[in-house]
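First up is the structure itself, then whatever we jot down about it.
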There are 2 protein chains.
Amino acid sequence: MKTKTKQPEAGMLPLNEILAGDCIEVMNSLPEASVDLIFADPPYNLQLKGDLHRPDNSKVDAVDDAWDRFASFDSYDRFSADWLAAARRLLKPNGAIWVIGSYHNIFRVGAALQNTGYWILNDVVWRKSNPMPNFRGKRLTNAHETLIWASKSEGAKYTFNYEALKQLNEGIQMRSDWVLPICTGHERLKDEAGDKAHPTQKPESLLHRVIVATTNPGDVVLDPFFGTGTTGAVAKKLGRDFIGIEREEAYRKVAEARLADVRKYDRESLAVTQSKRSEPRVPFGQLVERGMLRPGEVLTSPGGKVAKVRADGTLVADQVAGSIHQVGAALEHAPSCNGWTYWHFKRDGKSVPIDLLRQQIRAEMRAN
Amino acid sequence: MKTKTKQPEAGMLPLNEILAGDCIEVMNSLPEASVDLIFADPPYNLQLKGDLHRPDNSKVDAVDDAWDRFASFDSYDRFSADWLAAARRLLKPNGAIWVIGSYHNIFRVGAALQNTGYWILNDVVWRKSNPMPNFRGKRLTNAHETLIWASKSEGAKYTFNYEALKQLNEGIQMRSDWVLPICTGHERLKDEAGDKAHPTQKPESLLHRVIVATTNPGDVVLDPFFGTGTTGAVAKKLGRDFIGIEREEAYRKVAEARLADVRKYDRESLAVTQSKRSEPRVPFGQLVERGMLRPGEVLTSPGGKVAKVRADGTLVADQVAGSIHQVGAALEHAPSCNGWTYWHFKRDGKSVPIDLLRQQIRAEMRAN
DNA sequence: AATAGCACTGAATCGGACA
DNA sequence: TTGTCCGATTCAGTGCTAT
């Protein structure tokens, strides 16, 4: 499979090539109803203002590229409507599209998708196992991105490999939330200077799941925002044909070199690093949120110490407040304390360690 | 706290009541800038023909699919724009809103939110630990819903209890994906016939986290789609005032009975862990004035930098003089520096951060 | 040859009080 | 409104180097 960069001839479908140019113009030059799947990672329109520093004073390398800047919501909406319409023209009647985004753009893209006539099948949450933290403590850690999966129109017979996905999920029906690590390490492509070649390279594991789920071998997968070619690389490994469109020459060059190296299905590069398989962590606060213990309830220790539960899952005793472990340690004048076995609550007149409630939650988690 | 159902008097803010009527009309009758938080679970079963009608009230027949789809979406968008505008008028300048939805409506609601002038702070995924499986195996298990958290406008000083949420998550900052079970069992309200009283009753654990995160005790929380009153029940337990608006009498009756049984937690349990930012400010000069450090004493940094204390509470080092923060930043060539943790002094032969002395002063202040 | 420790990094809409 | 200055704030990793 050779990879070339060129302008397409009108009416021809150039396979396994990276096409140069504006994606709307290029898509309009391709024959209609010729593509099985589109995967699109459009600009997010992040609208970042000043610099951001980590607590250690290092500067966060922000996405400030020109291609991510739009004058207004209105101009972003016109852009979305235009490329979504051009993409829809290319789809076979039973074709489908995936779009990925964050809260900055995904609501606008999703609405545009519906307005264009696509039919949403699922929204999928990519839960990042290792997201960047919120350094200033001003919001929640932005730990996920959203994908939308839609068919060309309502009632279309889209492709969905239910059993294959069930296998990917240890025999259990695949859910709409996927836990996958972000793209780091050797998978992350570098430029000649050794810097990251693209600010938003997606992990191959994500594309693997998308392509296995919604295409068959031999299908044509188009990516109008090709970047460094993750979609093409995974499509090629999985025996699908791809068409990439990319405006920036630097990205095209990196993608071409990458694709030239891709040969066959390479099981190792797709193996998802599993997060630690030990017992899941259950925050004590969850017992409070779930009403298993209520704020104000009094916990006791075997030695007769008492503490009261607060609404945020901390305890307050005479003179001290903090986590179940901290308060236990303080009251015992010990360096540490396992709050789960130390603190007890009353059930049916008997004193029971709160660890019982944690075991209850873990049992539920295992059942799901 | 008594719960009543009535029509509000214009200009008055009726607290801890369920107001009957269309939420837009009722909201427009309430005084502006009077509410701290809005939680909204808008209906999204308005899809297609049924509840919708064309702008000119003409009958919809399924001849023109494209037009019909547009009319439906357009009508839903106008509904969203209207209630979001009415809600925004009620918010105090530093107020915030939460909206929950699924892929059927959340993209349209999110776009409308942005168009109305709200500023999105996070989107949050409620990951259901026990979702309904997809029986037909045609799609992914729809295992999550999406919440959007937004301030009234860009740059507003919204409330976020960062430390409390960190505590709820075992000392790690809270992420944008929340794993919580759906509302079942005793918590799920039944009607007289023993059927579920409301089709989409939300779990109290979800509201607990929302309200702890983004309000303080005594705040006013409004829910324009009150349903069976989960927002009101949790607000009341947590010592917040609520305002509910609900059109359906059957839901109002269930909610009233529910709220009558709810008790508020005691004041001490409602306190949550505060951030250091809320601690009183202690000028460094006070340590010198009080003789905890004497002029001429040498402070050191972990990296071996040195500076000398001056009588006015400034430091002087090679080439630089100024506040503890300024001198630390200059010596480290850093944009900023927390002098309290950066500078150390000698006590009993050991090097101790000067923050210890500040903590000593704060402890004294608390005791008095 | 392991292992510990350190540096670095990731689609981020990331102050606030007071003068 | 604008400017100044205090001083609070991070998680899960990867990979290189020193021991």
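FYI, side chains are in, hydrogens and waters are out, and symmetry mates aren't considered; it's all heavy atoms of this structure. Convention: sequence-line order gives letters A, B, ...; per-chain numbering from 1.
- With the nearest nucleotide of DNA chain C identified for both B:Trp119 and B:Ala156, B:Trp119 has the one nearer the 5' end.
- Between A:Asp74 and A:Arg78 there is a salt bridge, since a side-chain N of the basic residue sits under 4.0 Å from a carboxylate O of the acidic one.
- As judged by a 4.0 angstrom heavy-atom cut-off over every strand, A:His186 is placed among residues touching the sugar-phosphate backbone only.
- OP1 or OP2 of C:dG10 has not a single side-chain nitrogen or oxygen of A:Thr184 nearer than 4.0 Å.
- In this structure, A:Arg247 fails the cation-pi test against A:Trp67, since its NZ or CZ atom is not both closer than 6.0 Å to the six-membered ring centre and inside 45 degrees of the ring normal.
- Contact check, A:Asn134 against D:dT10: no side-chain N or O comes under 4.0 Å of OP1 or OP2.
- Checking D:dG7, C:dG10, C:dA11 against every side-chain atom of A:Glu145, the shortest atom distance belongs to C:dA11.
- Distance check on atom C1': D:dT17 versus C:dA1 gives 15 Å, rounded to whole Å.
- Base engagement by A:Gly50 is indicated by at least one non-hydrogen atom pair under 4.0 Å involving a base atom.
- Contacts of A:Pro42 with the nucleic acid, taken as non-hydrogen atoms under 4.0 Å apart, include base atoms.
- An OP1 or OP2 oxygen of C:dG15 is reached within less than 4.0 angstrom by a side-chain nitrogen or oxygen of A:Arg136.
- Stem list for DNA chain D (at least 3 consecutive Watson-Crick or G-U pairs, distances under 3.5 Å): C:2-10 with D:11-19, C:15-19 with D:2-6.
- Contact annotation: A:Lys196 reaches the phosphate of C:dG10 (side-chain N/O to OP1 or OP2, under 4.0 Å).
- For A:Tyr44, counting side-chain heavy atoms from C-beta on, the closest listed nucleotide (D:dG7, C:dA12, C:dA11) is C:dA11.
- Cation-pi geometry between A:Arg108 and A:Tyr76 is not satisfied (NZ or CZ under 6.0 Å from the ring centre, within 45° of the ring normal).
- Of all nucleotides listed (D:dA12, C:dA11, C:dC14), D:dA12 comes nearest to the side chain of A:Asn130.
- Residue A:Lys49 places none of its side-chain N or O atoms closer than 4.0 Å to OP1 or OP2 of C:dC14.
- Contacts of B:Gln173 with the nucleic acid, taken as non-hydrogen atoms under 4.0 Å apart, involve only primed sugar atoms and P, OP1 or OP2.
- Between A:Phe39 and A:Thr230 the shortest side-chain heavy-atom distance does not fall below 4.5 Å.
- Evaluation of atom-type donor-acceptor distances gives a pair under 3.5 Å for the side chain of A:Arg139 against the base of C:dT13.
- Remark: P of D:dT10 and CG of A:Leu140 are 14 Å apart, rounded to the nearest angstrom.
- Closest approach of B:Val109 and B:Ser80 over heavy atoms only: CG2-OG, 4.1 Å.
- The side chain of A:Arg188 contributes an N or O atom lying less than 4.0 Å from OP1 or OP2 of C:dA11.
- What separates CH2 of B:Trp149 from C1' of C:dT13 is a distance of 13 Å, to the nearest Å.
- Applying the 3.5 Å distance criterion, the base of D:dA8 shares no donor-acceptor pair with the side chain of A:Lys138.
- A distance of about 12 Å separates the C1' atoms of D:dT10 and C:dT9, rounded to the whole Å.
- If you check every strand for non-hydrogen atoms under 4.0 Å, B:Ser323 touches sugar and phosphate atoms only.
- Closest approach to the A:Asp56 side chain among C:dT9, C:dA11, C:dG16 is made by C:dT9 (side chain taken as heavy atoms from C-beta onward).
- Using a cut-off of 4.0 Å between Lys/Arg side-chain N and Asp/Glu carboxylate O, B:Asp177 and B:Arg127 are scored as not salt-bridged.
- Here the side chains of B:Leu315 and B:Leu299 are in contact, with some heavy-atom distance below 4.5 Å.
- Under 4.0 angstrom from either OP1 or OP2 of C:dA11 there lies no side-chain N or O belonging to A:Asn142.
- Ring stacking is absent between A:Phe135 and C:dC14, as the pair misses the limits of under 5.5 Å between centres and under 30 degrees between planes.
- Among the atoms of the strands shown, base atoms are found under 4.0 Å from some heavy atom of A:Pro131.
- Using a cut-off of 4.0 Å between Lys/Arg side-chain N and Asp/Glu carboxylate O, A:Glu246 and A:Lys253 are scored as not salt-bridged.
- We find that A:Arg258 and A:Glu204 are joined by a salt bridge, their nearest charged nitrogen and carboxylate oxygen being less than 4.0 Å apart.
- Using a 4.0 Å heavy-atom criterion, one finds that A:Lys59 contacts no nucleic acid atom at all.
- Look at B:His325 and you'll find a side-chain N or O under 4.0 angstrom from OP1 or OP2 of D:dG7.
- Applying the side chain to side chain contact (heavy atoms under 4.5 Å, CB included) criterion to A:Leu52, with sequence neighbours excluded, gives A:Val60, A:Phe135, A:Arg136.
- When the nucleotides D:dG7, D:dA8, C:dG10 are ranked by their closest atom to the side chain of A:Pro133, C:dG10 comes out on top.
- Contacts between residues 101-110 of chain A and DNA chain C, defined by a heavy-atom separation below 4.0 Å, involve A:Tyr103, A:His104, listed by number.
- One atom, CD1 of B:Ile120, and another, C1' of C:dA12, lie 14 Å apart when rounded to the nearest Å.
- Counting to the nearest Å, the P atom of C:dG16 and the CD atom of B:Glu279 are 17 Å from each other.
- For A:Arg69 and C:dA11, the CZ to P distance is 18 Å, given to the nearest whole Å.
- Within 4.0 Å (heavy atoms only), B:Asn169 reaches no atom of the nucleic acid at all.
- When the nucleotides D:dC6, D:dA12, D:dA8 are ranked by their closest atom to the side chain of B:Arg358, D:dA8 comes out on top.
- Among the protein residues, B:Cys337 comes within range of the nucleic acid bases, having at least one heavy atom under 4.0 Å from a base atom.
- Among the protein residues, B:Ile172 comes within range of the sugar-phosphate backbone only, with heavy atoms under 4.0 Å from sugar or phosphate atoms but none that close to a base.
- Contact check, B:Tyr162 against D:dT10: a side-chain N or O comes under 4.0 Å of OP1 or OP2.
- Candidate nucleotides D:dC11, C:dG10, C:dA12 were compared by shortest atom distance to the side chain of A:Ile182, and C:dG10 ranks first.
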